[in-house]
Visitor: 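Sharing a structure here in structure tokens format.
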Amino acid sequence: MNERRVYVAVHGGAGYHGVASERSVKSTLKRACARALWGSPLDDSSALSVVERAIAVLEDDEYFNAGYSSNLTIDGTVECDAAVMDGLSGDFGSVGAVPGVKNPIKLASTVLRHSRESDSLGRIRPMTLVASGAYSFASSQGIQTVSPNEMISPRATQEWQKWKSRLDHPTDGDPGSLPQDAMQDTVGAVVWDNEGNLAAGVSSGGLLLKYSGRIGEAATFGSGCWAQQSRSECSGMACSISGAGEHIMRSGLARVLGEALQSRQSDDSELDTHHVLLRTLNQQFTEPLRQRGERMPNAGVLLLTKEQGEDNEVVPRLWCAFTTESMAVAYASTTKPSPKVIAELVMYKNDRLLITTTMQASILRRSPLTGPAVDAEKSSVYITALPIHR
């Protein structure tokens with residue numbers, strides 16, 4: 001009997017992770033991996049369903065900006081974005097600015113599955129629903145809805161009151177901008193299932209004090225997540241993106257990364273994932289945004305690839321790359337069932353290795369860059385290769 005092989009990796013966002021919440025963040029990331037792998041015997045074990053189960057755990061936790069405890073809009077409400085993508089079919093489903101849905105990722109998954117069904121009138125079924133339309137669809141499909149107030153956590157309320165007051169009543173000496181520890185991040189997951197299929201997902205509450213009705217990368221096709229695989233099933237990728245939504249949407253970062261990896265594979269050249277990540281984040285994300293006047297474009301990538309290993313065996317490779325101060329990641333598999341929470345760093349600058357550090361069961365933090373703004377060609381991207389495969 002063949003050994004069951006399922007791989008899952010989750011992230012708690014790229015940005016800033018406070019020391020006070022570190023233990024809770026790591027614990028929930030581990031729990032998300034465990035729940036995804038070891039759901040009830042009746043749970044679907046497809047890559048899409050594993051992604052959904054993992055992210056739902058993160059949405060229910062107060063320490064993440066997704067689902068319950070999402071950042072509040074300028075009007076003091078919760079509006080969530082979420083998306084999933086199936087690498088085998090290329091199908092995509094998302095929701096944006098949706099209120100009162102306990103687990104937006106479940107709704108996004110339902111939108112995807114609904115889009116596969118035929119319509120009696122031949123209409124093209126949607127792959128994205130937003131706002132009240134998304135809420136109505138959730139109700140019609142049996143997705144759990146709650147009172148909008150039940151999605152608001154004490155932490156989110158406290159942050160909203162503090163920064164809304166400063167926005168409405170600015171004073172001399174006020175810093176005038178949101179601090180690093182204001183949660184702006186996104187959560188997500190990437191999965192390889194027992195059939196070798198890949199899927200990715202993402203969920204976010206969006207920016208603190210965002211305009212009501214705003215949607216970010218977590219609801220946008222090609223921005224917050226991407227999954228693809230070859231017909232031969234010998235290559236493929238799934239990625240989940242975190243960071244500043246408007247920055248990520250401008251570049252279509254998730255899709256651009258997928259196309260870059262596919263291009264390398266189509267050229268029959270040796271796939272150098274590190275080089276692709278470095279080039280994509282520098283040349284197609286950071287540099288164009290700096291030309292627009294953005295001093296510190298923020299993004300983080302959790303990437304699972306399917307590559308040829310020794311003896312032509314197809315194996316998973318897990319990567320994490322980010323331009324922010326920190327990114328929290330956990331991963332596990334049925335071959336390594338004990339989830340690991342890792343912050344492992346390989347830092348490159350101008351394609352030159354500067355430092356390699358591994359810190360297990362911790363969240364990587366780096367000191368903020370100081371001095372004058374660095375040219376995009378010389379910007380630092382942190383790139384991590386994680387041992388998800390035994």
Side-chain angles (χ1 to χ4, degrees), residues 6-14 25-39 43-61 63-67 80-88 92-95 103-109 112 185-194 197-205 217-219 223-229 236-243 254 257-258 300-306 316-322 327-334 336-337 339-342 384 386 388:
V6 180
Y7 303 89
V8 59
V10 300
H11 71 81
V25 166
K26 292 191 296 183
S27 174
T28 305
L29 290 172
K30 288 182 179 180
R31 186 156 44 85
C33 287
R35 175 70 182 89
L37 288 178
W38 307 111
D43 284 341
D44 185 355
S45 60
S46 69
L48 274 176
S49 293
V50 177
V51 164
E52 180 183 323
R53 289 199 296 270
I55 294 178
V57 172
L58 304 180
E59 289 177 333
D60 289 340
D61 192 270
Y63 290 101
F64 296 98
N65 175 28
C80 295
D81 301 339
V84 289
M85 188 166 184
D86 179 10
L88 179 63
F92 174 87
S94 74
V95 293
N103 291 111
I105 195 65
K106 294 183 179 181
L107 180 55
S109 183
L112 184 153
D185 49 10
T186 300
V187 304
V190 290
V191 167
W192 165 320
D193 69 18
N194 195 49
N197 297 321
L198 301 172
V202 64
S203 182
S204 178
E217 87 283 0
S223 297
C225 66
W226 194 258
Q228 64 192 35
Q229 59 197 70
M237 60 81 73
C239 70
S240 183
I241 308 293
S242 177
L257 180 57
V301 178
L302 182 64
L303 170 67
L304 182 63
T305 60
K306 181 186 289 190
R317 308 287 188 200
L318 182 63
W319 297 82
C320 182
F322 52 96
M327 188 165 180
V329 176
Y331 60 90
S333 72
T334 51
K336 287 183 177 180
K340 305 293 183 183
V341 180
I342 297 290
T384 305
L386 301 170
I388 196 170

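The first residue in the sequence is number 1, and the count goes up from there.
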Visitor: Could you tell me which non-hydrogen atom of V51 sits nearest to which non-hydrogen atom of A189, and how far apart they are?
Guide: CG2-O, 4.2 Å
Visitor: Kindly compute the distance separating SG (C33) from CZ (R53), expressed to the nearest 0.5 Å.
Guide: 12.0 Å
Visitor: Distance-only, no hydrogens or angles: does the E52 side chain make a donor-acceptor pair with backbone N or O of S109 under 3.5 Å?
Guide: no
Visitor: Any luck finding a side-chain donor-acceptor pair between H11 and S240 under 3.5 Å?
Guide: yes
Visitor: Counting distance only, does the side-chain N/O of S242 pair as donor-acceptor with the main-chain N or O of T186 below 3.5 Å?
Guide: yes
Visitor: Taking all non-hydrogen atoms of both residues into account, name the closest pair between A108 and A82 and its distance.
Guide: CB-O, 3.7 Å
Visitor: For side chain to side chain contact (heavy atoms under 4.5 Å, CB included), just list the numbers for F64 and L29, CA-CA rounded to whole Å, side-chain angles, deciding distance to a tenth of an Å, and then say yes or no.
Guide: CA-CA 10 Å; F64 296 98; L29 290 172; 4.1 Å; yes
Visitor: Find out whether I241 and V202 are in side-chain contact, i.e. whether some heavy atom of one side chain is under 4.5 Å from a heavy atom of the other.
Guide: no
Visitor: Show the nearest heavy-atom pair for residues N197 and A47, with the distance to one decimal.
Guide: O-CB, 3.6 Å
Visitor: To the nearest 0.5 Å, how far apart are SG in C320 and CG in L303?
Guide: 9.5 Å
Visitor: For L304 and V191, which heavy atoms make the closest approach, and how far apart are they?
Guide: CD2-C, 3.7 Å
Visitor: Locate the shortest heavy-atom distance separating S45 from D193; write the atom from each residue and the value.
Guide: O-CB, 3.7 Å
Visitor: Tell me the closest heavy-atom pair linking M327 and A14, and the distance in Å.
Guide: SD-CB, 3.8 Å
Visitor: Return the OG1 to CE distance between T305 and M237, rounded to the nearest 0.5 Å.
Guide: 8.5 Å
